[in-house]
Q: 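Handing you a structure now.
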2 protein chains.
Amino acid sequence: MPQPPCAPTAVRRVACIGAGVIGGGWAAHFLARGYDVTAWDPAPDAAGKLRRLVAAAWPALEQLGLAEGASPDRLTVAASLEEAVADAQFVQESAPEKLELKRGLLARLAAAAPAGAVIASSTSGYPMTDMQTEAADPGRLVVGHPFNPPYLIPLVEVVGGEKTDPAAVEWASRFYEAAGKSVITMDRELPGFIANRLQEALWREALHMVAGGEATVRDIDASITEGPGLRWAFMGPCLTFALAGGEGGMAHMLDHFGPSLKSPWTRLEAPELDEALRTAMVEGCDEAADGRTIAQLAAERDQGVIDVLRATGRLPRPRSDEAGGTE
Amino acid sequence: MPQPPCAPTAVRRVACIGAGVIGGGWAAHFLARGYDVTAWDPAPDAAGKLRRLVAAAWPALEQLGLAEGASPDRLTVAASLEEAVADAQFVQESAPEKLELKRGLLARLAAAAPAGAVIASSTSGYPMTDMQTEAADPGRLVVGHPFNPPYLIPLVEVVGGEKTDPAAVEWASRFYEAAGKSVITMDRELPGFIANRLQEALWREALHMVAGGEATVRDIDASITEGPGLRWAFMGPCLTFALAGGEGGMAHMLDHFGPSLKSPWTRLEAPELDEALRTAMVEGCDEAADGRTIAQLAAERDQGVIDVLRATGRLPRPRSDEAGGTE
C-alpha cells in the first residue's frame with residue numbers, strides 16, 4: 001500500500017463514519033484526545049444525535065483528563081461520506097453489523113480517503129478478509145475493535161485480513177496507542193477476536209441458565225459483580241486462577257483442578273489438558289507475572305479488590321480521603 | 001432437623017474445618033467479623049500455616065474494617081475434628097475437592113457438632129445431594145460456596161441437597177449475610193452453581209484459545225482487564241449488555257445482536273433465542289435495573305469505569321485526593 005499520510009503519532013485529523021453508540025463514542029474519544037474529528041452518518045438526525053452523545057460523554061472525559069486543546073467544537077459533521085474522509089489521516093468505520101453494508105462502505109471509504117490512510121472497522125465479529133472484498137486497495141483496511149463505550153474502555157483489538165498489508169496493522173496499533181488506547185494486536189483472524197470470545201462464552205452460558213430457569217438475570221449479574229468480576233477489573237482470569245493454586249501457582253492449579261475441567265460445570269466442553277497446554281499455561285502465567293511471586297500477586301490482588309470495593313462504594317473510603325477530597 | 005443452637009445473627013462461635021487457602025481464608029474472614037473461630041486440619045503443620053495465613057490477611061482485613069473486638073487471638077486450633085466442632089454454632093468445611101473425603105468428613109462433622117448446628121461445605125462443584133449420603137442427619141448440610149479469597153470476595157452461593165431441610169438453607173443464608181457476605185440462595189442444585197459456571201465457560205474458551213495457539217495468556221488476561229472486566233466489577237454481564245442496545249435496552253440488544261448468537265464467536269453453542277428467553281432476559285433486566293433508565297445506567301457505568309480505572313492506578317486520582325489523602 002502507499003505510505004500513510006503521516007506517522008501514527010502525527011495524526012491530527014480523524015474521520016468517524018457512523019454515529020451510533022460506537023461511532024459516536026469513538027468521536028467523543030478522539031475529540032477528548034485533541035483530534036479534529038469529521039463525522040458522517042446517513043441518518044437524518046445524525047448531527048444532533050452525535051452532538052448530544054458527545055455532550056453526554058464530556059463530563060466523563062473531563063474526569064479522564066482532556067488532551068491540550070481538546071474540545072467538542074472540533075467536531076465537524078460532514079454532508080457526505082466523501083467529504084468526511086477527504087482530508088482524514090485515519091478513518092474509523094462504525095456502521096451497523098451487516099456484512100454487505102460494511103463491504104460496500106469500506107470500498108467507498110477506500111476510494112474516497114487520502115492514499116495510504118489506514119481505515120479501521122469497529123466490527124464486533126466479521127473477519128476483515130470477508131469485508132475487504134470490494135475495495136480497490138484492501139491493503140490498508142484493518143479491524144480496530146473497541147468496547148462500549150469506546151471513550152472509557154481502553155481495549156482495542158487490531159487485526160488485518162488476508163489482503164491487509166501487515167504495515168497497516170502495525171500503523172493502526174501504534175496510532176491507537178498514541179490515541180490512548182490499550183491495544184492487542186492479533187496475528188490471525190479469529191471469529192469474535194479475543195475478548196468477545198471470552199465474554200460471549202460467559203454470556204451464552206448465562207442465556208442457557210435463564211432459558212433453563214436455572215438462574216435469574218439478577219443472580220447472574222450479582223454472581224459476577226460480587227464474585228470474579230471484582231478481580232477481573234485488574235487481574236485477568238489466567239493470573240487469577242494461578243493464585244488458586246496457592247504457592248504452586250498455575251502448575252499446581254492445573255494439576256489439582258485439572259479433573260474439574262471434565263465436570264459438567266458449563267455447557268462448553270473443555271480442551272484436553274495435555275502436556276503442551278499445561279506448559280503453555282504455566283509459561284504464559286510466568287511471563288504475565290513478570291517476576292512477581294505468587295505472594296506478591298496475592299498481595300496485589302488483595303489490595304486491588306479492596307480498592308475496587310472502595311471505588312464502587314461498597315466499602316467506605318479511608319477517613320483521610322474523606323477529609324481531604326472534594327469529590 | 002432439630003432447631004439450630006441459636007439465631008443466625010446470634011452466632012458467636014464458628015468452626016473452620018480444613019486450613020488451606022479457602023479454609024484459612026474463611027477463618028480470617030470470621031475472625032475479622034468478630035467471631036471466635038476454632039479450626040482443625042489433619043496436616044502436621046496446620047496450626048502454623050493457618051496463623052501465617054491469618055496474619056498475612058490481617059492488614060487487608062483492617063482496611064476492610066474489623067468488627068468490634070475482632071482479633072487473630074480469637075483463633076483456636078483444635079487437636080481433633082471432634083474438639084473443633086464440639087461447641088460450634090456453625091461449621092464451615094473446606095477440605096480438598098474429593099467426593100469420598102467430603103462424604104466421610106461431613107458425616108463425622110454431623111455426628112460431632114451440636115444438634116441442629118448448620119454445617120456448610122465450601123465445595124466448588126459437588127452437589128450436596130452427592131455429599132450428604134453418609135451423614136446420620138443430612139438435613140442440616142448445605143453448600144456455602146465462597147470465592148478466593150473468602151475474606152475479600154463477598155459472594156457466597158448457598159444451596160441444599162435433596163435431603164437438606166430448606167430451613168437450613170434459609171438459616172445459612174441469613175447467617176452469611178450477618179457475617180458480611182453477599183449471598184445468592186439457589187433453589188436447585190446446578191453443577192458449578194452460578195458464578196463458576198459463568199467463569200468456567202470463559203476459562204474453557206481461554207484454554208481452547210491457548211491450546212490452539214490463537215491467543216497468549218497475556219492477551220487473554222489483558223483482553224479482560226482492559227475490556228469487559230472493567231465493567232464487571234460493578235455491573236454484571238446482563239445489565240452491561242442491556243446498555244449495548246442503546247435506549248432500547250436488552251430488547252433492542254437481543255433483536256439487533258440476536259443473529260450474532262449463532263456466529264462462531266465461541267466454542268459454546270448458544271441457546272435458541274425464542275420468545276420465552278427474550279422475555280425472561282428483558283424482564284430480568286428491567287427488574288435488575290429497578291427503575292433506573294438506560295441513560296441513568298449508562299451514567300453509572302461511565303462513573304463506575306472511571307472510579308475503577310482510578311482505583312486500579314490507571315488514571316490519576318483527582319488533585320484534591322492527592323493533596324488530602326494519606327494513603
Side-chain angles (χ1 to χ4, degrees), chain A residues 21 60 63 125 147 152 154-155 182 184 190-192 194-195 197-202 204-205 207-208 210-211 214-215 217-219 221 223-230 232-234 236 238 246 263-266 268 270-271 277 280 284 288 302 305-308 311-312 320-321 324-326, chain B residues 21 60 63 125 147 152 154-155 182 184 190-192 194-195 197-202 204-205 207-208 210-211 214-215 217-219 221 223-230 232-234 236 238 246 263-266 268 270-271 277 280 284 288 302 305-308 311-312 320-321 324-326:
Chain A
V21 170
Q63 286 193 69
F147 284 74
L152 275 182
L155 185 62
S182 184
I184 294 180
L190 184 65
I194 296 175
R197 289 188 77 83
L198 296 170
Q199 77 168 345
E200 185 78 11
L202 185 154
R204 288 183 185 185
E205 187 63 38
L207 289 175
H208 277 295
V210 172
E214 297 160 355
V217 164
R218 192 189 283 267
D219 286 344
D221 275 4
S223 80
I224 296 297
T225 59
E226 301 297 304
L230 287 169
W232 288 338
F234 59 90
C238 299
S263 303
W265 280 10
T266 156
L268 177 53
L277 176 53
D302 285 11
V305 171
I306 290 171
D307 290 342
V308 166
T312 52
S320 56
D321 260 32
T326 57
Chain B
V21 169
Q63 286 193 70
F147 283 75
L152 275 183
L155 186 63
S182 185
I184 294 180
L190 184 65
I194 297 176
R197 289 188 77 83
L198 297 170
Q199 76 168 345
E200 184 77 11
L202 185 154
R204 289 183 184 186
E205 186 63 36
L207 288 176
H208 276 295
V210 172
E214 297 161 355
V217 164
R218 193 190 282 268
D219 286 346
D221 274 4
S223 81
I224 296 297
T225 59
E226 301 296 304
L230 287 169
W232 288 339
F234 59 90
C238 300
S263 303
W265 279 10
T266 158
L268 177 54
L277 177 53
D302 285 10
V305 171
I306 289 171
D307 291 341
V308 167
T312 53
S320 56
D321 261 32
T326 57

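By convention in this document, chain letters (A, B, ...) are assigned in the order of the sequence lines, proteins followed by strands, and residues within each chain are numbered from 1. No experiment lies behind these values; they were computed from the predicted model shown.
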Q: Side chains of A:Ser182 and B:Glu226: is there a donor and an acceptor less than 3.5 Å apart?
A: yes
Q: Which one of B:Pro264, B:Ala233, B:Ala215 has the most heavy-atom pairs closer than 4.5 Å to chain A?
A: B:Ala233
Q: Does B:Trp232 form a side-chain contact (heavy atoms from CB on, under 4.5 Å) with A:Leu202? I'd like the steps, not just the answer.
A: CA-CA 12 Å; B:Trp232 288 339; A:Leu202 185 154; 4.2 Å; yes
Q: Where the side chain of B:Thr266 meets the backbone of B:Leu268, is there a donor-acceptor pair that is under 3.5 Å apart?
A: yes
Q: Please identify, among A:Gly125, A:Cys238, A:Ala288, the residue contributing the most non-hydrogen atom pairs under 4.5 Å to chain B.
A: A:Cys238
Q: To the nearest 0.5 Å, what is the distance between CG on A:Asp219 and CD on A:Glu214?
A: 12.0 Å
Q: I'd like to know which of A:Asp221, A:Val217, A:Leu230 tops the heavy-atom pair count under 4.5 Å against chain B.
A: A:Asp221
Q: Tell me, out of A:Val21, A:Leu277, A:Thr312, A:Leu198, who's got the most heavy-atom pairs with chain B below 4.5 Å.
A: A:Leu198
Q: On a heavy-atom basis, which atom in A:Ser223 and which in B:Leu155 lie closest, and how many Å separate them?
A: O-CD2, 3.4 Å
Q: Can you tell me which of A:Ala60, A:Ala201, A:Gly192, A:Gly284 forms the most heavy-atom pairs within a distance under 4.5 Å of chain B?
A: A:Ala201
Q: If we ignore hydrogens and angles and just use 3.5 Å, is the side chain of A:Arg197 paired with the main-chain N or O of B:Glu205 as donor and acceptor?
A: no
Q: Non-hydrogen atoms of chain B under 4.5 Å away: do they reach the side chain of A:Ile184, the backbone, both or neither?
A: side chain
Q: As an exercise: rank B:Ala195, B:Ala211, B:Gly236 by heavy-atom pairs under 4.5 Å with chain A and give me the winner.
A: B:Gly236
